[in-house]
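Here's the structure we're looking at; comments come further down.
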Amino acid sequence: MKDENYTFQIGPIRPPNEGGERSLLLRTTRNCSWNRCVFCPFYDGKNFQIREVEEVKNDIDSIKKIKDILTDGSKEVNKVPYNCLSVVSGWMKSGERTVFLQDSNSLIMPTDELVEILEYLKSSFPSIERITSYARSDTIVRKKVSELKKIRDAGLTRLHVGLESGDDEVLKLVEKGVTAEQHIDGGKKAKEAGFELSEYVMPGLGGKRFSKDHALNTAKVLNQIDPDYIRVRPLYVYPGSDIYKMIEQGEFQVNSPHERLEEIKIIVDELDVDSKLCFDHSWNSWRNKEGALLFDMDYEGYRLPAEKSRILKLVEEGLEVDGSRHQGPLF
Ligand code: SF4
């Protein structure tokens with residue numbers, strides 16, 4: 001048998017919880033359909049591509065073969081590339097329950113093609129309980145609710161959306177390519193179709209100039225959507241990224257650890273949602289008075305509204321800690 005039978009494509013990123021839960025990674029598209037957000041370096045210079053259904057099905061077949069040789073203890077295992085082996089063995093150890101579709105916007109696939117892949121995936125691995133994907137709000141808006149329901153019924157159950165901000169000035173500044181209204185419409189539509197919805201918010205994305213409006217309007221948009229999960233992923237400035245150049249040219253002033261905590265304080269104060277607020281990304285590196293992580297790095301997070309005052313107390317504690325002690329790649 002040839003080596004390529006034991007190979008499948010793996011994209012560069014997935015949400016933190018999909019890594020922690022050792023989700024199987026299945027690439028349905030390559031790179032990003034938008035690729036212009038100034039803070040995001042992941043697909044720089046790479047063309048977007050929707051993969052052929054047959055190509056993705058071949059990947060599913062390869063995953064099945066890798067799973068079989070791992071189960072049998074066959075020497076063929078030596079022919080499996082390390083990254084594929086690692087993904088499949090991690091997934092097997094975690095119970096083969098969850099799958100994440102890569103890359104950045106699988107929902108952009110023609111509905112029937114995505115449904116065909118989901119059905120093939122589920123019939124190949126009946127143990128699968130949850131399939132998730134990144135999705136852009138403007139893509140969700142463009143799909144009919146009936147199409148979204150068809151995709152949901154075929155097994156894609158959770159969408160991870162990069163809201164980043166609910167402020168139109170900030171969204172324009174960072175070239176998100178989506179308005180606050182589109183975020184609201186997309187979020188509501190996803191929920192109407194029955195998806196579990198994770199919305200990512202990015203403290204620091206408005207810099208010093210838009211800090212307060214960024215926080216207030218992000219809370220407003222989240223209140224309209226009422227997502228299942230709100231996941232906090234602070235701005236990280238990658239050297240060489242467009243936002244890095246904006247900083248060098250004096251067009252963007254990075255705010256301090258305390259200023260970002262003030263944003264979280266405003267957002268949490270203003271939120272009127274029935275959601276879980278998660279600090280499950282390693283860039284949430286604020287410290288408490290003992291020097292440990294300020295927020296629990298938990299995939300299920302804090303419950304809102306029940307734990308609102310607990311989160312606000314933690315924010316106050318973080319604000320009392322000297323700014324230089326908030327370690328990590330953030331600042
Ligand atoms: S849409 Fe997502 S993946 Fe694409 S450039 Fe923006 S942040 Fe990066």
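Values reported hereafter were calculated over all heavy atoms of this structure, with side chains retained and with hydrogens, waters and symmetry mates removed. When a ligand or atom number is given, it counts from 1 through the structure's own listing order. This chain uses plain numbering: 1 for the first residue, then up along the sequence. Keep in mind the model is a prediction, meaning the values are calculated, not measured.
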Atom 2 (Fe) of ligand 1: closest protein heavy atom, distance to 0.1 Å, is Lys176 NZ, 4.1 Å
Shortest non-hydrogen pair, Ser275 vs Asp226, comes out as OG-OD1, 3.6 Å
For the residue pair Phe39 and Tyr238, is the inter-centroid distance of their aromatic rings smaller than 6.0 Å?
no
Here the atoms of ligand 1 under 4.0 Å from any heavy atom belonging to Asn35 are 4 (Fe), 5 (S)
(Q) Below 2.8 Å, can you find an N, O or S atom of Cys40 next to atom 6 (Fe) of ligand 1? (A) no
So for Arg136 against ligand 1, with non-hydrogen atoms under 4.0 Å, the contacting part is side chain
**Report entry** Centroid separation Trp91 to Phe125 less than 6.0 Å
**Finding:** yes
Taken to the nearest 0.5 Å, the spacing of Arg30 CZ from Asp103 CG works out to 8.0 Å
Salt bridge between Asp322 and Arg325, side-chain N to carboxylate O under 4.0 Å? no
Any heavy atom of Tyr43 under 4.0 Å from ligand 1? The part involved is side chain
Honestly, for Ser104 the part within reach of ligand 1 (heavy atoms, under 4.0 Å) is side chain
Looking only at protein heavy atoms, what sits closest to atom 6 (Fe) of ligand 1 is Cys37 SG, 2.3 Å
Hey, is there an N, O or S on Cys32 sitting under 2.8 Å from atom 4 (Fe) of ligand 1?
yes
Review point. Between Asp167 and Leu205, is any pair of side-chain heavy atoms under 4.5 Å apart?
Key: no
_Quiz item: cation-pi between Lys57 and Tyr120, 6.0 Å / 45°_ = yes
Per-atom filter on ligand 1: closer than 4.0 angstrom to a heavy atom of Arg36 are 5 (S)
